[in-house]
K.L.:
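Could you have a look at this structure, given as structure tokens, before my questions?
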Amino acid sequence: MHVLILGGTSEARRLAELLHATPGVTPTSSLAGRVASPRLPPGEVRVGGFGGVEGLTAWLREHRVDVLIDATHPFAGTISFHAARAAATAHVPLLALRRPGWVPVEGDDWHDAGSLEEAARLLPGLGRRVFLTTGRMGLAAFAALDELWFLVRSVDAPEAPHPARMEVLLDRGPFTLDGERELLRRHRIDVVVTKDSGGTATAPKLTAAREAGLPVLVVRRPPVPGGVPVVSDPEAAARWITKRLHQGDSPTTG
């Protein structure tokens, strides 16, 4: 069974590890190529886009893919919809692997935004020294906020357009609670902006913000395409795949 994993996340790497050790399953991981030095999973790896729905459909057929797994970042919405259309066209079963989103707890001061643009509109009413952790690709949404100061954390250096008053911190999770506490204190942060990425690698900033009494502006994640089954962890995805391998068409959502 040939499984194509649309990846780039820690969950995708873990799934590739599980499938690489499963007899009868050959995983291929596809990375978007947006990170200069990605952490490579075991097995075959391809880097770069497919050329839209038509390109992905052709790749599925040419490489005889039996199962397609969308394990992309929760905010990589375009590729998820391309995957749904390509899988339907090529008649390839599709499963989405999505880590659960974050849930506020007592003491949190969270403010929801439906997009980065909405977050930028709400931000001036919440603070002046911003810890911006939404990644380097969406900084243009905040570029006009000249009255605010930004600490931007990303894996690779951002490119313009971006906020004029900005300090860049190049780093990659997982992050520690003590480290996040010190970062907020040292930079005198008074508001945190994040996408609802979920998972544990970057969650300590939420705890640190709660302890400091800081507002957190949370950008809601886009929905998974309708009709696509979803599991929340790599082990459930591996079970879904091996059930198809051994029992045929009896998928579960795990």
K.L.:
Between atom CD1 of I5 and atom CG of L97, what is the distance when rounded to the nearest 0.5 Å?
P.N.:
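One finds 9.0 Å between CD1 of I5 and CG of L97.
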K.L.:
Check whether any side-chain N or O of R172 sits under 3.5 Å from a backbone N or O of F175 as a donor-acceptor pair, and report yes or no.
P.N.:
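No.
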K.L.:
Determine, step by step, whether F142 and L116 satisfy the side chain to side chain contact (heavy atoms under 4.5 Å, CB included) criterion, reporting the C-alpha distance in whole Å, the side-chain angles of both residues, the deciding distance to 0.1 Å, and the verdict.
P.N.:
CA-CA 8 Å; F142 304 91; L116 291 175; 4.1 Å; yes
K.L.:
In this structure, would L217 and W110 fall into the same cluster of hydrophobic residues linked by side-chain contacts under 4.5 Å?
P.N.:
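Not linked; separate clusters.
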K.L.:
Is there a side-chain contact between V218 and V192, using heavy atoms and a 4.5 Å cut-off?
P.N.:
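Not touching, per the 4.5 Å side-chain cut-off.
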K.L.:
Same hydrophobic cluster for M137 and F81, using side-chain heavy-atom links shorter than 4.5 Å among ILVMFWY?
P.N.:
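Result: no, two separate clusters.
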K.L.:
Give the table of side-chain donor-acceptor pairs shorter than 3.5 Å for residues 144-154, with sequence neighbours excluded, one pair per line with atom names and distance.
P.N.:
{"unit_1": "R153", "atom_1": "NH1", "unit_2": "E180", "atom_2": "OE1", "d": "2.8"}
{"unit_1": "R153", "atom_1": "NH1", "unit_2": "E180", "atom_2": "OE2", "d": "3.3"}
{"unit_1": "R153", "atom_1": "NH2", "unit_2": "E180", "atom_2": "OE2", "d": "2.8"}
{"unit_1": "S154", "atom_1": "OG", "unit_2": "D156", "atom_2": "O", "d": "2.6"}

K.L.:
For the pair T22 (side chain) and V25 (backbone), establish whether a donor and an acceptor sit closer than 3.5 Å, ignoring hydrogens and angles.
P.N.:
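Side chain of T22 to backbone of V25, a donor-acceptor pair under 3.5 Å: no, none is there.
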K.L.:
Can you tell if the side chain of V67 reaches within under 4.5 Å of the side chain of V65, non-hydrogen atoms only?
P.N.:
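Side-chain contact under 4.5 Å: no.
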K.L.:
Under a 3.5 Å distance rule, please check whether R221 uses its side chain to pair with a backbone N or O of S197 as donor and acceptor.
P.N.:
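Between the backbone of S197 and the side chain of R221 there is a qualifying donor-acceptor contact (under 3.5 Å).
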K.L.:
Please round to the nearest 0.5 Å and tell me the distance separating atom CG of L94 and atom CD1 of I69.
P.N.:
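It is 7.5 Å, given to the nearest 0.5 Å.
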K.L.:
Given the rule in the side chain to side chain contact (heavy atoms under 4.5 Å, CB included) test, do S80 and V224 qualify, once you have shown the distances and angles that lead to the verdict?
P.N.:
CA-CA 7 Å; S80 295; V224 173; over 6 Å; no
K.L.:
Could you state the interatomic distance from CG (L6) to CZ (R46), rounded to the nearest 0.5 Å?
P.N.:
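Reported value, rounded in 0.5 Å steps: 9.0 Å.
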K.L.:
Can you sort out the partners of E211 under salt bridge (Lys or Arg N to Asp or Glu O under 4.0 Å), two or more places apart, ordered by chain and number?
P.N.:
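Checked E211 against salt bridge (Lys or Arg N to Asp or Glu O under 4.0 Å); matches are R181.
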K.L.:
Is there a donor-acceptor pair closer than 3.5 Å between any side-chain N or O of T9 and the backbone N or O of A71?
P.N.:
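Present.
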K.L.:
Closest heavy-atom contact between L4 and S30?
P.N.:
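Residues L4 and S30, closest heavy atoms: CD1-CB, 4.1 Å.
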K.L.:
V155 and L183: same hydrophobic cluster, using ILVMFWY side-chain contacts below 4.5 Å?
P.N.:
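No, separate clusters.
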K.L.:
OG1 of T194 to CG of L206: how many Å apart, nearest 0.5 Å?
P.N.:
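Going from OG1 on T194 over to CG on L206, the span is 6.0 Å.
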K.L.:
For side chain to side chain contact (heavy atoms under 4.5 Å, CB included), just list the numbers for M1 and T26, CA-CA rounded to whole Å, side-chain angles, deciding distance to a tenth of an Å, and then say yes or no.
P.N.:
CA-CA 6 Å; M1 173 182 281; T26 301; over 6 Å; no
K.L.:
Could you go through the salt bridge (charged side-chain N to carboxylate O under 4.0 Å, His left out) check for R220 and D196 one step at a time?
P.N.:
CA-CA 6 Å; R220 297 188 299 272; D196 180 16; over 6 Å; no
K.L.:
How about T28 and H2: does a side-chain donor come under 3.5 Å of a side-chain acceptor?
P.N.:
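Looking only at side-chain atoms, H2 and T28 do form a donor-acceptor pair, the distance falling under 3.5 Å.
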K.L.:
What residues form a ring pair (Phe, Tyr, Trp, His ring centres under 6.0 Å) with F50, not counting sequence neighbours?
P.N.:
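Per chain and number, F50 pairs via ring pair (Phe, Tyr, Trp, His ring centres under 6.0 Å) with W59.
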K.L.:
Find out whether L139 and M166 are in side-chain contact, i.e. whether some heavy atom of one side chain is under 4.5 Å from a heavy atom of the other.
P.N.:
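Counting from C-beta outward, L139 and M166 do come under 4.5 Å.
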K.L.:
Out of curiosity, does V168 fall in the hydrophobic cluster containing L184 (side-chain heavy atoms, cut-off under 4.5 Å, transitive links)?
P.N.:
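No, no single cluster joins them.
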K.L.:
Nearest 0.5 Å, please: how far is CH2 in W240 from OG1 in T242?
P.N.:
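These two atoms lie 10.5 Å from each other.
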K.L.:
Check whether any side-chain heavy atom of T57 lies under 4.5 Å from a side-chain heavy atom of V92, and answer yes or no.
P.N.:
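No, every pair of side-chain atoms sits at 4.5 Å or beyond.
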K.L.:
Looking at CG of L56 and CG of L68, how far apart are the two atoms once the value is rounded to the nearest 0.5 Å?
P.N.:
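L56 atom CG to L68 atom CG measures 6.0 Å (nearest 0.5 Å).
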K.L.:
Return a table of donor-acceptor pairs under 3.5 angstrom between the side chains of residues 118-132 and protein atoms on other chains or two or more places apart.
P.N.:
{"unit_1": "E118", "atom_1": "OE1", "unit_2": "G114", "atom_2": "N", "d": "2.7"}
{"unit_1": "R128", "atom_1": "NH1", "unit_2": "P124", "atom_2": "O", "d": "2.6"}
{"unit_1": "R129", "atom_1": "NE", "unit_2": "H187", "atom_2": "O", "d": "2.8"}
{"unit_1": "R129", "atom_1": "NE", "unit_2": "R188", "atom_2": "O", "d": "3.4"}
{"unit_1": "R129", "atom_1": "NH2", "unit_2": "H187", "atom_2": "O", "d": "3.0"}

K.L.:
Check for me, please, whether L169 and V193 land in the same ILVMFWY cluster - side-chain distances under 4.5 Å, paths through other members count.
P.N.:
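Per the 4.5 Å side-chain linkage, L169 and V193 are not co-clustered.
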K.L.:
Taking all non-hydrogen atoms of both residues into account, name the closest pair between W102 and G199 and its distance.
P.N.:
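That closest heavy-atom pairing would be NE1-O, 2.9 Å.
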K.L.:
Which pairs with one or both residues in residues 63-84 pass salt bridge (Lys or Arg N to Asp or Glu O under 4.0 Å), sequence neighbours excluded?
P.N.:
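For residues 63-84, and leaving out neighbouring residues, the salt bridge (Lys or Arg N to Asp or Glu O under 4.0 Å) pairs sorted by first residue read D70-R98.
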K.L.:
Do E44 and S29 come within less than 4.5 Å of each other through their side chains, counting heavy atoms only?
P.N.:
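In short, these two side chains do not touch, never coming nearer than 4.5 Å.
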K.L.:
For residues 2-30, pull every pair meeting salt bridge (Lys or Arg N to Asp or Glu O under 4.0 Å), keeping only residues two or more places apart or in separate chains.
P.N.:
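Listed once each, the pairs are E11-R99, R14-E17, R14-E235.
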K.L.:
Do you know the tightest heavy-atom contact between K195 and F75?
P.N.:
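Residues K195 and F75, closest heavy atoms: CB-CE1, 3.3 Å.
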K.L.:
Work out which heavy atom in A236 is nearest to a heavy atom in V231; give both atom names and the distance.
P.N.:
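Heavy atoms only, the tightest pair is CB-CB, 3.8 Å.
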K.L.:
For L214 and V191, run side chain to side chain contact (heavy atoms under 4.5 Å, CB included): C-alpha distance rounded to whole Å, both residues' side-chain angles, the deciding distance at 0.1 Å, then the answer.
P.N.:
CA-CA 6 Å; L214 302 183; V191 60; over 6 Å; no
K.L.:
Which pair of heavy atoms, one from L15 and one from P234, lies closest together, and at what distance?
P.N.:
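L15 and P234 have their closest heavy atoms at CD1-O, 3.7 Å.
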